[in-house]
Amino acid sequence: MNSNTTRVDELTNPTRFLGIDPGLNRTGYAILEHSLKCPVLCEGGIIRSNQESNLAARVHEIGSGIREIIEEFHPDIMVIEQVFTTPKFPKSSIIMAHARGAILYAAHDAGVPVVHYTPTQIKKLITGSGRASKEQIQHAIKTELGLKTVLEPNDVADAFAAALCHYHSMRVSCF
């Protein structure tokens, strides 16, 4: 089998998903595996950048952290939240774009395909409402994965929500 065949198969039937909730201060990540009956939580956490550092150093910290996760877990696909803008905090989309750039660079450099979902798409698929709160996302993830407590901080829950969004999208289209 050539490498192109392998990559196409991984795109249409991935087994390990890396969900990302991008941010410059902290980026949430989640490793989710496909199983026959339900998704399985493998790992989740936060990559933090040093707020005392300059922008270039902080972007580098986020990118390096993602690279380490990719090297450790070898995901088949990365699922990342798209940049969004809110009228109340317009600068936040620019800051998030810096982090996303580092994350996308690390994924591309490692040969990991990336899919993008809007926050509304993720929320709607996970909770049924595109306007769900952070708490609703946390509780939906807790229920979906059969956890005893909600995932903290919410960046980790949001990363799992992104991974679950693609997991369910693939189940619908592949099975």
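By convention here, the first residue in the shown sequence is residue 1.
- Using a 4.5 Å heavy-atom cutoff, the side chains of I70 and D109 are not in contact.
- Residues A106 and G63 share a closest heavy-atom pair of CB-O, 3.8 Å.
- With sequence neighbours excluded, the residues forming a side-chain contact (heavy atoms from CB on, under 4.5 Å) with E71 are R67, listed by chain and number.
- Side chain of Q136 to backbone of S133: a donor-acceptor contact under 3.5 angstrom is found.
- Scanning all heavy atoms of the two residues, the minimum distance from E81 to R100 falls at O-NH1, 2.7 Å.
- Within the 4.5 Å cutoff, no side-chain heavy atoms of E68 are placed close to those of I47.
- Distance CD1/I141 to CG/N154: 11.5 Å, rounded to 0.5 Å.
- Side chains of L18 and V112 form no contact here, defined as non-hydrogen atoms less than 4.5 Å apart.
- The closest side-chain heavy-atom distance from R26 to P153 is below 4.5 Å.
- Separation of atoms CD1 (I62) and OG1 (T27) is listed at 3.5 Å; rounding is to 0.5 Å.
- With values rounded to the nearest 0.5 angstrom, L104 atom CG is found 10.0 Å from I66 atom CD1.
- Surrounding CD of E152 are more than 12 heavy atoms belonging to other residues, nucleotides or ligands, all under 6.0 Å away.
- Under the ring-ring contact (aromatic ring centres under 6.0 Å, His included) criterion, the residue pairs touching residues 109-138 are Y117-H166, with sequence neighbours excluded.
- Across all their heavy atoms, E33 and C42 have their closest contact at CG-SG, 3.3 Å.
- Heavy atoms only, all atoms of each residue included: Y29 and V156 are closest at O-CG1, 4.3 Å.
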Show me the side-chain donor-acceptor pairs of residues 122-130 shorter than 3.5 Å, one per line, residues at least two apart or across chains.
from	atom 1	to	atom 2	distance (Å)
K123	NZ	A132	O	3.4
T127	OG1	K123	O	2.7
T127	OG1	S129	N	3.1
T127	OG1	S129	O	3.0
S129	OG	R131	N	3.2

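- Judged by distance alone, with hydrogens and angles left aside, the side-chain atoms of Q138 form a donor-acceptor pair with the main-chain N or O of L151 at under 3.5 Å.
- Membership of the apolar cluster around I95 extends to L24, L55, V59, as traced through chained side-chain contacts below 4.5 Å between ILVMFWY residues.
- The two residues I103 and P22 have their closest heavy-atom pair at CD1-CB, 3.8 Å.
- A search for side-chain contact (heavy atoms from CB on, under 4.5 Å) contacts involving Q51 returns N25, R58, not counting sequence neighbours.
- Atom CG of residue D76 and atom CZ of residue F17 lie 8.0 Å apart, to the nearest 0.5 angstrom.
- Here the shortest heavy-atom pairing between I137 and A161 reads CG2-CB, 3.9 Å.
- Under the 6.0 Å cut-off for aromatic ring centres, H34 and Y167 qualify, their centroids lying closer than that.
- With R16 contributing its side chain and F73 its backbone, the two residues share a donor-acceptor pair below 3.5 Å.
- Scored by the side-chain hydrogen bond (donor to acceptor under 3.5 Å, both in side chains) test, D158 finds K134 as partners (sequence neighbours excluded).
- With respect to V79, the side chain to side chain contact (heavy atoms under 4.5 Å, CB included) criterion is satisfied by exactly one of I20, V114, V115: V115.
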